[in-house]
Every structure is written in structure tokens, then in C-alpha cells.
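First up is the structure itself, then whatever we jot down about it.
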Protein chains: 2
Amino acid sequence: MGSEELSKGERTWLAIEEAAYELFLGQGYSATSMRQIADRAGIALGGIYNHFKSKDEIFESIIINKHPYKKLLPGIMAAEGEDIEEFTRNAMRLIVEEMGDNPYYVNLMLIEIVEFKGKHGAKLLDELTPKVFPLFEKLVKTRKNFRVTNPALLLRAFFGLILSYFLTEMIIRDSVVSSLMPKNAAEAYMDIFLHGVLKEKDGKNV
Amino acid sequence: MGSEELSKGERTWLAIEEAAYELFLGQGYSATSMRQIADRAGIALGGIYNHFKSKDEIFESIIINKHPYKKLLPGIMAAEGEDIEEFTRNAMRLIVEEMGDNPYYVNLMLIEIVEFKGKHGAKLLDELTPKVFPLFEKLVKTRKNFRVTNPALLLRAFFGLILSYFLTEMIIRDSVVSSLMPKNAAEAYMDIFLHGVLKEKDGKNV
DNA sequence: CCTACCGATCGGTAGG
DNA sequence: CCTACCGATCGGTAGG
């Protein structure tokens, strides 16, 4: 898996980060102890502090290296250049594929919001916006068939759509409600974003 | 305020619940100690246990009494009976009014998802669905101008819309991005839900 | 409802 | 990288 190319120190570093990542996703930051992290990483408690100064530093490292946008952004940027409707559908498809089986990756964002009051989140957002904003600005400008002309609002709505899709997925997962959902829920969800829940009612279609 | 009608025990009970509520919203469940709750409630640590058996029981009480849906559901149900587009707009307006100044009420849901793995959430959902589902079922059936014919999907999308609106509100709150947002972001957000981001492109309108 | 306490566990460190 | 330890704090309880 390429881990043969890493030094022992690097492998231990990664093992600690991965162990902490899994534990944080599963039970939150404060509820996770350094001892749990050490156990899962396969080393003694004290060994962690050869690689990280504190528990907080582990979380910061995880936010930087494992934030969902790391996985999602490349897909979103790569989906550009085609038809707008297809861009959105492709982006959504890529995101669903990338997030894959479990929507629990978003827990990292939720932990950041609740337990850190968005401390790192605001910084991330201000770093990311200049990268993504132009894309949405261009979308709005180059195509005439947008109802939404404010690129910031479009970006927010798109991001909110992704977020709400995975959140509602998590919420209904263990519930009977999920059986009522259509198979292609992701596509249908995206369709609402693109066309809304209502047909045009001014008699100009259907 | 009506608190004169309450016994001393009831007032203490409420003070503990309210103190814990505020602390949980601000820093999460695990990061909040019973001593912090006692201090904020104005009693000694041991005094809490005259009213609650455990920390967990306090959280359960809060989930039942202070869950956002308690505030939101009446508004949503009351918004029924009018035109569908207006129903949605009215519901959104009521919700924004009710949630009011701070979107941090949703933190309760986030804590429940991350720190309790949706333990209470699934139960709540199964209780609530029978109440709300018929409303959306009726909406879909009685009006012809719906693109979305699956009531479960419509419910999920509506709930996701509300959730994502307040989440993105929290996220962008301390960021420069919020200055790029239109004043009536809530209405615009709702508008996307109703009509999508795209104009109909089959030439049948505008 | 408070005081005083329990054992357990916390994040972190020294010293090897 | 481990062993053994630090002071602090945790949730909870007994006894009044």
C-alpha cells in the first residue's frame, strides 16, 4: 500500500492520526481520550507525545488532512467545463461516490462546529472561498438560464444541499423512514436543487 | 414570568435544565461537567442529584423538552390549509422567526448525532413522522403542480432545507462570506427549494 | 440542598 | 517508544 516507503516514525504518526480520526468521528472530541487513541494506534500513551504536542494538535492535523472538502473539491473542480446541469449532476455523483458508503465523514464538521465553535472552520472557509467562488461566479455569468444570480447564494445553496443530503441520510439511516425513500434519492435531491419542487405554474409549461 | 406559580423544587429543576442546555449548546455534552451545570444553576454539585439521576438523564430531558422541533412543528402545522407555495413560504418565515437571532439551537441535533450516535434521534423521528408525513402526503396528492411526487422525499428535502439554512448560517456567520450574501437569504433559499436554480430550459417559459 | 468524600480517569510529563 | 507517575478533574454518593 506504499506504507513500505514510509519511515517507522511516519507510519506511527499516521497510525495515531487515523486512530484519533476514527474515534473522533464515532464519539466526538471530548469523549475521546488519549489512552483510547494510543490503544487503537497500538502504542503506549506516552508515545503519542513524540509525535503530537497535545490532543488539540491531533485534531488540528485531522482538520487539515482529513476534512471532507479534501476529497470533494477535486471532484467539484473537475466537473467544470461541461453543461451546467450536467456539471451539478456530475459533481453530486462524484461527491456521493467519494463519500461512499458512510456519510459519517461530515461528523468532523459537526464536531468542529459544536466542540470548537467553528474555530478552524472559519479559517478554512476563508481559504477555500477564493478557490471555489470564481467557479460559481463564472457559472452565473456565462449562462443565462439561472434564476439565482448571486454567486455567493448559489455556492451556499449548493454546499447546503450536499450537507443536508448526508445529514438527513445519517438521521434516517436507522429509521423506518429510509424505506420510504426512493432508490435514487441523491439524484432526486439534486433534481430539486436544479428545478425546485414546483412546476412552473404560470401556464407556460405542462 | 409565571415562575411565581412554581414550587421551589420545580424552579430548581428548571434552572438545572436551562443551565445544562446552555452549556451543552456552547461546548457539547462531554465537555460539559456536572460542576459547571451546578455553578450556572446556582446550587452545589450534590444538589443536582435530587432532581436528576445522572448527566445522561439531564440530556434526555433536554432532548424531549427543548428540541427545535418543539418550537418549529406548531408553526409548520399551522401554516397548512393555504396555497402550497405560500404554505412553504409561511412555514419558512415562522421557522426563521422562531429560531430567531441565533441558529445555535440546531447544536442540540448535532450533539445528538455525534455524541449519542442518534440514539434519541431515531426514536424522535419515528414518533414525529406519523404526525408530519400525512401533511406532506396530502400536499403531494391534492395539488397537481408538484414535480416531486414522493412525500417522503419532499419531507426530507424540506427538513434538509431548514437544517442546511441554519447550518450554513452558523458556518458563514464569522466569515467575510456572509457579507456577500443577499439580505433576504432565507427567502432566496426557500425560492431555490420551490423553483430550483435553473429556469425551465425547454423553451416553454421566458 | 450542602459538605465532604469516593474511585476512576483525564491530559500530560520525566526519565530512561 | 514505554513505564511510572503527576495534579486535576471527572460523575456520582453518603450522611446529615
Side-chain angles (χ1 to χ4, degrees), chain A residues 3-63 108 111-112 114-117 119-120, chain B residues 3-63 108 111-112 114-117 119-120:
Chain A
S3 69
E4 309 86 23
E5 308 158 17
L6 300 173
S7 71
K8 192 175 183 201
E10 286 168 331
R11 265 183 279 127
T12 304
W13 193 96
L14 282 172
I16 295 167
E17 193 193 40
E18 180 63 25
Y21 180 50
E22 292 166 6
L23 288 163
F24 290 160
L25 286 196
Q27 53 193 23
Y29 176 81
S30 294
T32 299
S33 73
M34 292 298 266
R35 279 152 183 90
Q36 286 179 310
I37 296 171
D39 285 349
R40 184 175 273 248
I43 60 170
L45 168 66
I48 291 182
Y49 293 91
N50 297 314
H51 301 275
F52 296 90
K53 269 191 276 189
S54 65
K55 188 181 174 184
D56 210 283
E57 195 178 280
I58 299 179
F59 187 79
E60 270 181 46
S61 162
I62 287 174
I63 279 283
L108 198 62
I111 291 169
E112 220 280 307
V114 174
E115 302 197 63
F116 291 89
K117 301 180 186 179
K119 197 174 72 176
H120 321 86
Chain B
S3 68
E4 309 85 24
E5 310 159 18
L6 300 173
S7 71
K8 192 177 182 197
E10 287 168 331
R11 266 184 278 127
T12 305
W13 193 96
L14 283 172
I16 295 168
E17 192 193 41
E18 179 63 24
Y21 180 51
E22 293 166 5
L23 287 164
F24 290 160
L25 286 196
Q27 53 192 23
Y29 176 81
S30 294
T32 299
S33 74
M34 292 298 267
R35 279 150 183 92
Q36 285 179 311
I37 295 170
D39 286 349
R40 185 176 271 250
I43 61 169
L45 168 66
I48 291 182
Y49 294 91
N50 297 314
H51 299 89
F52 296 90
K53 269 190 275 188
S54 64
K55 188 181 174 184
D56 211 283
E57 194 178 283
I58 300 179
F59 188 80
E60 268 181 47
S61 162
I62 288 174
I63 279 283
L108 198 62
I111 292 168
E112 219 280 307
V114 174
E115 302 197 63
F116 291 90
K117 302 181 184 180
K119 194 175 74 177
H120 320 87

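Here is the naming used below: chain letters follow the sequence lines, and residue numbers restart at 1 for every chain.
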Quick one: salt bridge (charged side-chain N to carboxylate O under 4.0 Å, His left out) partners of A/E57, sequence neighbours excluded?
none
Note: contacts of residues 13-21 of chain A with DNA chain C (heavy atom, under 4.0 Å) are none
Roughly how many Å is it from CG in B/N50 to P in D/dT13, rounded to a whole number?
12 Å
Test of understanding: with side chain to side chain donor-acceptor pair (under 3.5 Å), list the residues that count as partners of A/T12, not counting sequence neighbours.
none
Dump the pairs, protein N or O against N or O of nucleotides 9-12 of chain D, anything under 3.5 Å, distances to one decimal.
residue, atom, partner, partner atom, Å
D/dC10, OP1, B/S33, OG, 3.3
D/dG11, OP1, B/T32, O, 3.3
D/dG11, OP1, B/K55, NZ, 2.9
D/dG11, OP2, B/M34, N, 2.8
D/dG11, N7, B/R35, NH1, 2.7
D/dG11, O6, B/R35, NH2, 2.9
D/dG12, OP2, B/Y49, OH, 3.2
D/dG12, OP2, B/K55, N, 2.9
D/dG12, O6, B/R35, NH2, 3.3

Please list, chain by chain and in numerical order, all residues satisfying side-chain contact (heavy atoms from CB on, under 4.5 Å) with B/E10, sequence neighbours excluded.
B/L6, B/S7
Where at least one partner belongs to residues 42-53 of chain B, residue pairs that pass salt bridge (Lys or Arg N to Asp or Glu O under 4.0 Å), sequence neighbours excluded
none
Going by the rule side chain to side chain donor-acceptor pair (under 3.5 Å), which residues pair with A/E18 if we only count those two or more places apart in sequence or in a different chain?
A/K66
Which string of ( ) [ ] | and . matches DNA chain D, if you list each base 5' to 3' and count Watson-Crick or G-U pairs only when both distances are under 3.5 Å?
||||||||||||||||
Can you tell me which residue pairs pass the ring pair (Phe, Tyr, Trp, His ring centres under 6.0 Å) test with a partner in residues 11-37 of chain B, sequence neighbours excluded?
B/W13-B/F52, B/F24-B/Y29, B/F24-B/F59, B/Y29-B/F59, B/Y29-B/F116
Could you list the residues that satisfy side chain to side chain donor-acceptor pair (under 3.5 Å) with A/Q27, not counting sequence neighbours?
A/T32, A/Q36
Over 12 non-hydrogen atoms of neighbours within 6.0 angstrom of NZ in A/K55
yes
Applying side chain to side chain donor-acceptor pair (under 3.5 Å), can you list everything that pairs with A/E112, at least two apart in sequence or on another chain?
A/H120
Kindly list each side-chain donor-acceptor pair under 3.5 angstrom involving residues 37-51 of chain A, sequence neighbours excluded, with atom names and distances?
residue, atom, partner, partner atom, Å
A/R40, NH1, A/E22, OE1, 2.3
A/N50, ND2, A/G47, O, 3.4

